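First the structure, in the form of structure tokens, and then the observations on it.
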Amino acid sequence: MGKYDTANLRNLGIVAHGGAGKTSLVEAMLFNTGMTDRLGKVDDGSSSMDFEPEEIKRQITISSSLNNCEWKQHSLHLVDTPGYSNFLHDTRNGLRILGGAVLIVSAISGVKAQTQKIWGWSQEFEVPLIAFVNKMDRERADFLRAVDDMEKTLGSRGVLVNMPIGEEKDFRGIIDLVTMKARLFQFDEKGTYTEGEIPEEYQDEAQRLRTVLLEAVADADDELMEKYLEEEDLSREEILHGLREGTLTGVFTPVLCGSATANIGVRQLLDYVVHCLPSPLDKGMQIGTLPGKDDIVERKPREDEPFSAMVFKTNSDPFTGKLTLFRVYSGVLNSDSSVYNSSKDETERIGQLYQLEGKKQVPIDKAVAGDIVAVAKLKQTTTGDTLCSASDPVVYESLLQLKPVISFALKACSKNDEDKIYTGLQRLIEEDPTLKITRDEQTHDLILSGMGQVHIEVAVEKLKRKYDVDVELQLPKVPYRETIKGSAKLQSKYKKQSGGRGQYGDVWLEIEPLPSGGGYEFVDKIVGGVVPRQYIPAVGKGAEEAMQKGILGGFPVVDIKVTLFDGSHHSVDSSEMAFKIAGSMGFKKGMEQAKPVLLEPMMKMEIQVPDDYVGDVIGDMNSRRGKVQGVEPQAASQVITAQVPMAEVLRYAPELRSMTSDRGLFTMEFSHYEEVPSNLMAKILSERNE
């Protein structure tokens with residue numbers, strides 16, 4: 001690396017909702033810049049960016065992939081990001097380290113929920129955007145409707161830099177509103193066009209939109225505003241200057257149009273990427289802290305600064321090992337050197353540095369401020385860590401990982417799979433930290449949690465392909481509990497004679513409920529030595545062990561107080577074991593008499609939905625036995641707080657997406673246990689017994 005100055009680097013993300021054409025646009029960029037000799041296609045599996053079998057099968061981007069190209073003396077690092085809800089965590093991590101992005105808006109479907117999320121993250125990380133209205137050659141394409149949807153839904157001021165000549169099957173070119181020239185394309189996938197005068201039927205509309213463009217760029221700069229008010233026109237250079245200022249400051253978003261698959265409008269988009277989007281120098285210094293302290297540390301994006309970088313992604317492969325991807329914020333990093341992981345307080349050995357070109361790894365000698373590179377086989381480093389110079393350490397704020405929203409139980413298909421499952425899952429989690437693996441202590445299920453059903457299914461496919469581990473997905477069992485509502489006093493005598501020394505234990509117990517969360521309490525009220533002191537703990541232990549399997553469905557028992565208040569013993573036959581068995585038998589008998597009930601886990605949920613869907617979601621939540629506790633406004637949405645039984649929301653993620661046209665979000669965590677209604681308890685126990 002280092003062929004171009006940092007000022008001529010562009011770290012560029014291609015972002016949008018799924019199916020908008022991100023990967024096709026990257027393929028067109030690579031083709032136009034000479035990185036590839038053919039226009040890769042997603043539909044026929046020839047894309048150089050979507051190369052994983054799971055991506056080719058589904059024809060979607062599942063994991064961010066990187067490539068690079070050169071355009072007009074600038075070096076572009078391209079990051080093709082996922083757009084489907086299940087995989088947006090990878091897009092968020094990418095935006096954290098990017099300089100700018102191209103936001104694709106479909107001319108057919110406009111702005112979708114995923115685009116709104118991505119837009120919000122771009123604002124959070126201060127990532128300037130250029131919008132590209134794609135698919136202008138497709139049926140139902142409508143340029144101005146897509147721009148209007150972008151402005152209304154995202155609250156973005158779109159400034160048109162070009163406009164289409166025709167739409168749908170009549171789309172044949174683009175009018176450049178800066179030069180006021182028309183480009184008519186040959187549809188040969190090479191981007192070939194002829195430039196000429198604007199067709200007469202488009203001249204009035206082009207002039208109107210140019211006036212809007214001039215007013216917008218004048219707004220971005222006081223000097224331009226002064227000249228525009230005097231002369232009512234601006235030169236090409238002045239317009240470009242105003243476009244850059246407006247883009248970098250977020251005053252507006254430049255909007256271009258075209259067709260990625262037909263390779264129309266892509267070269268002009270590349271021109272505006274290098275002109276309007278920021279270099280690392282434009283983004284300015286990066287702020288961090290000293291390791292273990294709150295002292296602020298600043299790093300400028302220059303080669304003469306101490307080295308620092310942020311790890312934003314990890315790829316794991318059973319053959320090549322772990323590949324760590326990071327963005328260099330300052331300084332220079334050479335191959336075959338050492339760095340300090342300030343997040344883990346570990347020193348890592350850097351071997352060969354690589355520049356990624358899709359699935360290809362191209363060796364490079366060094367990386368400079370602004371570069372995005374990869375290195376293999378770092379031992380301790382994971383996604384979100386900071387790498388830096390040991391003599392000038394810094395820690396950058398780590399990446400926020402989104403919380404999983406759906407869980408499935410994994411069942412190994414064979415004993416051999418069972419032995420390898422943990423190793424394979426740990427490798428997948430290194431690659432994708434939003435995957436979580438837990439073992440339910442009660443049901444003994446191995447639980448895999450993720451961002452959606454497709455996310456989990458893809459993880460299972462990778463587990464099979466990469467690590468030869470075959471598992472089945474099942475809905476996890478609900479961890480019910482049992483307790484009592486009443487109390488009981490009873491005698492429990494264990495007496496056994498079998499020829500030799502017998503067994504004798506006799507206890508009187510009182511069984512009572514404790515408040516929720518009380519657990520288990522054993523009280524000794526023996527007086528006069530009717531039960532010898534050495535046997536009393538055994539009674540409590542016996543009752544406690546009996547709580548592991550309740551009498552209703554064999555679920556663990558909670559929130560019970562057991563009092564030992566009387567009993568008797570035999571001088572020869574009594575033993576700890578006998579009193580332990582007596583305690584266990586007495587607990588079970590007492591529980592039968594003390595109105596046993598079933599408890600179910602209640603989940604606390606926060607559901608964020610657009611205003612239009614609040615009524616539907618609340619109605620659905622009531623049908624799930626949920627208790628809505630409040631609704632609070634938040635921007636153009638509402639946040640519904642509710643408590644709902646876990647059994648009712650095991651598959652809530654896809655159901656909420658369906659209910660809200662994929663615009664709903666939720667978080668969920670365990671709250672407490674509540675009694676199961678009697679009519680449902682019989683059904684649950686019947687299914688349990690079956």
Side-chain angles (χ1 to χ4, degrees), residues 12 14-17 19-33 39-43 47 69 71-72 76 78 80 83 101-111 115 129-150 158-196 198-199 202 205-206 209 213 243 247 253-277:
L12 179 67
I14 311 298
V15 298
H17 67 255
K22 296 181 299 300
T23 302
S24 297
L25 180 60
V26 174
E27 294 292 342
M29 286 178 163
L30 295 174
F31 178 70
N32 280 284
T33 56
L39 193 61
K41 304 282 188 179
V42 174
D43 292 346
S47 165
C69 59
W71 184 252
K72 296 187 175 178
L76 277 60
L78 304 178
D80 180 23
V102 173
L103 175 71
I104 299 182
V105 180
S106 169
I108 303 167
S109 58
V111 173
T115 315
L129 299 171
I130 292 176
F132 182 74
V133 180
N134 192 28
K135 302 188 177 184
M136 286 304 307
D137 55 341
R138 302 290 182 86
E139 188 178 347
R140 294 184 292 110
D142 190 323
F143 176 62
L144 293 180
R145 183 188 63 198
V147 175
D148 185 57
D149 191 24
M150 184 184 91
V159 174
L160 307 189
V161 178
N162 62 24
M163 62 174 282
I165 300 175
E167 292 178 343
E168 303 183 28
K169 66 179 185 300
D170 296 325
F171 176 64
R172 61 188 189 277
I174 290 168
I175 296 170
D176 186 334
L177 297 174
V178 176
T179 63
M180 292 299 281
K181 294 290 184 180
R183 294 179 176 181
L184 297 176
F185 287 81
Q186 294 185 12
F187 284 82
D188 57 1
E189 294 190 351
K190 297 178 182 178
T192 309
Y193 65 86
T194 56
E195 187 170 275
I198 298 172
Y202 289 97
E205 179 67 0
L209 293 177
L213 168 63
L243 280 170
T247 306
T253 303
V255 182
L256 295 93
C257 66
S259 169
T261 54
N263 193 14
I264 294 177
V266 178
R267 293 180 184 177
Q268 191 177 19
L269 175 63
L270 283 165
D271 288 343
Y272 281 94
V273 163
V274 300
H275 186 81
C276 291
L277 292 180

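Just so it is clear, the model here is predicted, and its values are computed rather than measured.
Thr33 is not listed as a side-chain neighbour of Leu76, based on a closest heavy-atom distance of 4.5 Å or more. Using a 4.5 Å heavy-atom cutoff, the side chains of His17 and Ser106 are in contact. Side-chain atoms of Ile198 and Ile165, non-hydrogen and from C-beta on, never get closer than 4.5 Å to each other. Within the 4.5 Å cutoff, side-chain heavy atoms of Asn263 are placed close to those of Leu39. At a threshold of 4.5 Å between non-hydrogen side-chain atoms, the residues Met29 and Leu269 count as touching. Contact check for Leu30 versus Leu78: side-chain heavy atoms found under the 4.5 Å cut-off. In this structure, the side chains of Trp71 and Asp271 come closer than 4.5 Å at one or more pairs of heavy atoms. Using a 4.5 Å heavy-atom threshold, the side chains of Val133 and Met150 count as separate.
With rounding to the nearest 0.5 angstrom, the CG atom of Leu256 is 8.0 Å from the CZ atom of Phe143. With rounding to the nearest 0.5 angstrom, the CG atom of Leu270 is 9.0 Å from the NZ atom of Lys72. The NE2 atom of His275 sits 9.5 Å away from atom CD1 of Ile130, with the distance rounded to the nearest 0.5 Å. In this structure, OG in Ser24 is found 8.0 Å from CD1 in Ile104, a value given to the nearest 0.5 Å.
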Checklist entry - Could you walk me through whether Asn134 and Leu25 pass the side chain to side chain contact (heavy atoms under 4.5 Å, CB included) check? => result CA-CA 9 Å; Asn134 192 28; Leu25 180 60; 5.8 Å; no
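One N or O on the side chain of Arg145 and one on the backbone of Ile108 form a donor-acceptor pair closer than 3.5 Å. Side-chain N or O atoms of Asp137 include none that pairs as donor or acceptor with a backbone N or O of Phe171 at under 3.5 Å. Between the side chain of Lys135 and the backbone N or O of Val105, no donor-acceptor pair lies under 3.5 Å.
Applying the side-chain hydrogen bond (donor to acceptor under 3.5 Å, both in side chains) rule to pairs touching residues 162-173 yields Asn162-Gln268, sequence neighbours excluded. Note on residues 178-191: pairs passing side-chain hydrogen bond (donor to acceptor under 3.5 Å, both in side chains), not counting sequence neighbours, are Lys41-Glu189, Asp176-Thr179, Lys181-Glu197, Arg183-Glu195, Asp188-Thr192.
The heavy-atom pair separating Pro254 from Val161 by the smallest distance is CB-CG2, 3.9 Å. Closest approach of Ser109 to Asp149, counting heavy atoms only: O-OD2, 4.2 Å. In plain terms, the two heavy atoms of Ala260 and Gly21 that are nearest each other are CB-O, 4.3 Å. Shown here for Met136 and Gly166, the closest heavy-atom pair between the two residues is CE-O, 4.3 Å. Nearest heavy atom pair, residue Tyr272 against residue Leu243, reads CE2-CD1, 3.6 Å. When every heavy atom of Val266 is checked against every heavy atom of Ser259, the shortest pair comes out as CG2-O, 4.5 Å.
Of the residues Val255, Thr115, Thr253, the one that meets the side chain to side chain contact (heavy atoms under 4.5 Å, CB included) test with Leu103 is Thr115.
Relative ring orientation between Tyr193 and Phe185 is described as tilted, the plane-to-plane angle lying within the 30° to 60° band.
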